[in-house]
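To start, the structure under review is shown below, and the notes come after it.
Keep in mind that what you see is a predicted model, and the values were worked out from it rather than measured.
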Amino acid sequence: MREYGETIFAEMTRLAVETESVNLGQGFPDTDGPRSLLEGATRNIMAGVNQYPPGPGRPELRQAVSRYRSRHYGLDFDPDSEVYVTVGATAGIAASMLALVEHGDEVVVFEPMYDSYAAMISLAGGVRRPVALRREPSSGRFTFDPAELRAAITPRTRLIMVNTPHNPTGTVFTEAELAEIAEVCRENDLIAVTDEVYEFLTFDGRPHVPLASLPGMRERTLSISSVGKMFAVTAWKTGWVTGPEPLVRAVRTVNQFLTFSANGALQLAIADAMDNEWEWVQQQRRALQDKRDRLAEGLTATGFDVNVCEGTYFLMADIRPLGYLDGEDVARALPREAGVAAVPAKVFYDHQEEGRHLLRFAFCKKDEVLDEAVRRLTTWHKREN
């Protein structure tokens, strides 16, 4: 782990605090989730739900997860053996990699990739085989070349890591793109691990399609999601893994020695919200789409070339129209020079040249915060020129 050091999110947040910057670097909202969810957690804590819950998770939450996967996607999972609760999606990803990847196994990942993927693959002794997502000239969205995906497969390939909706590009994989991935998995007998934490944060009517719902994929897919993005409570760190019993059992075997269990009081509140707060989730989606448009318009007016965002909390912006080439240099300068923090996208790549010119901005903030960030960036750009 020597190569990893401090995460870029910790570094940018520290810079933002030191310089009193508007922090559009780390992806957390500055408003809370539904009132009933917060009150439910408080009631459970005050009622004495403060000791270890069952290791696999409270049955109420496992049942609620099973219900929503069936209701939204037609995927039926046994809550007792095919649903497992983890300390956030990050723990689910870690346990999945440690459970399924042996030393020297290869894991195909789409880059740019969320930084925990690379670290967890390394911890498991695996080898990354990155496939680049590149901006499609005709649509402006990021996608992959199916030929490059197939070329990444070798006899040592064990699994494919799929993140959709995708952080940081904002791409929501289409059913056709997922069909390409599914075909590769079936042809090469690969396991798929999917990170779907932004599953309900898609925009412009785009549906989220779970890879597990495609033919032949339920039996070879571990799907991971969490409450943090679903209900805007990122500090609650409560996630879940769903999939076929043998794969979930492997994750459970590892995770019992990592975190063992997640907060039981929060699990009960989440289970209730899953059944009763879907209108709030839809309102959040609509609000975030407006915020995406608000920040995109502001960044474009400042001079950035803003890429298409179909989901998540994030916009990717090209700095080259502003006369800059290295996003990492710009990201480290912005807090002190402009009073705004962003994240350089190249840290999400193994092939860093692919993302050298990109910054990631989070738009899951209050409108006045986004407007202030744009005002500061505009002033900075005019001053620089």
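Between Trp278 and Phe231, the ring planes are tilted. Angles from 30° to 60° get that label.
Within a 6.0 Å radius of CD in Glu187, other residues, nucleotides and ligands contribute more than 12 heavy atoms. Annotation for Arg14: atom CZ counts as buried by contact number, over 12 foreign heavy atoms lying within 6.0 Å. For Arg35, the CZ atom is loosely surrounded, since the number of other residues' heavy atoms within 6.0 Å does not exceed 12. Few gaps surround CD on Glu39; more than 12 heavy atoms of other groups in view lie less than 6.0 Å from it. Within a 6.0 Å sphere centred on CD of Glu18, other residues, nucleotides and ligands contribute more than 12 heavy atoms.
Salt-bridge check for Glu196 with Arg69: passed, with a basic side-chain N closer than 4.0 Å to an acidic carboxylate O. Salt-bridge formation is detected for the pair Arg286/Glu279: a Lys NZ or Arg NE/NH1/NH2 atom is positioned less than 4.0 Å from an Asp or Glu carboxylate oxygen.
Residues His381 and Phe304 place their aromatic rings such that the two centres sit no closer than 6.0 Å. Aromatic pair Phe361/Phe314: ring centres not closer than 6.0 Å. Taking the six-membered ring for Trp and the full ring otherwise, the centers of Tyr313 and Tyr198 sit less than 6.0 Å from each other. With ring centers used as reference points, Phe173 lies under 6.0 Å from Phe110.
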Given salt bridge (Lys or Arg N to Asp or Glu O under 4.0 Å), test Arg383 with Glu337 step by step and report yes or no. CA-CA 10 Å; Arg383 186 172 63 245; Glu337 295 180 5; over 6 Å; no
Candidate pair Glu183 and Arg186, rule salt bridge (Lys or Arg N to Asp or Glu O under 4.0 Å), full reasoning: CA-CA 5 Å; Glu183 186 174 16; Arg186 292 191 300 265; 5.7 Å; no
Quick one, Arg292 with Asp204, criterion salt bridge (Lys or Arg N to Asp or Glu O under 4.0 Å). Give me CA distance, side-chain angles, the key distance, then yes/no. CA-CA 11 Å; Arg292 174 202 66 176; Asp204 305 315; 2.8 Å; yes
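Remark: His208 NE2 to Phe200 CZ distance equals 7.5 Å, nearest 0.5 Å. Rounded to the nearest 0.5 Å, atoms OG1 (Thr300) and CG (Asp305) are 7.5 Å apart.
Checked options Gln352, Arg134, His351; the residue passing with Glu111 is His351 (criterion: side-chain hydrogen bond (donor to acceptor under 3.5 Å, both in side chains)).
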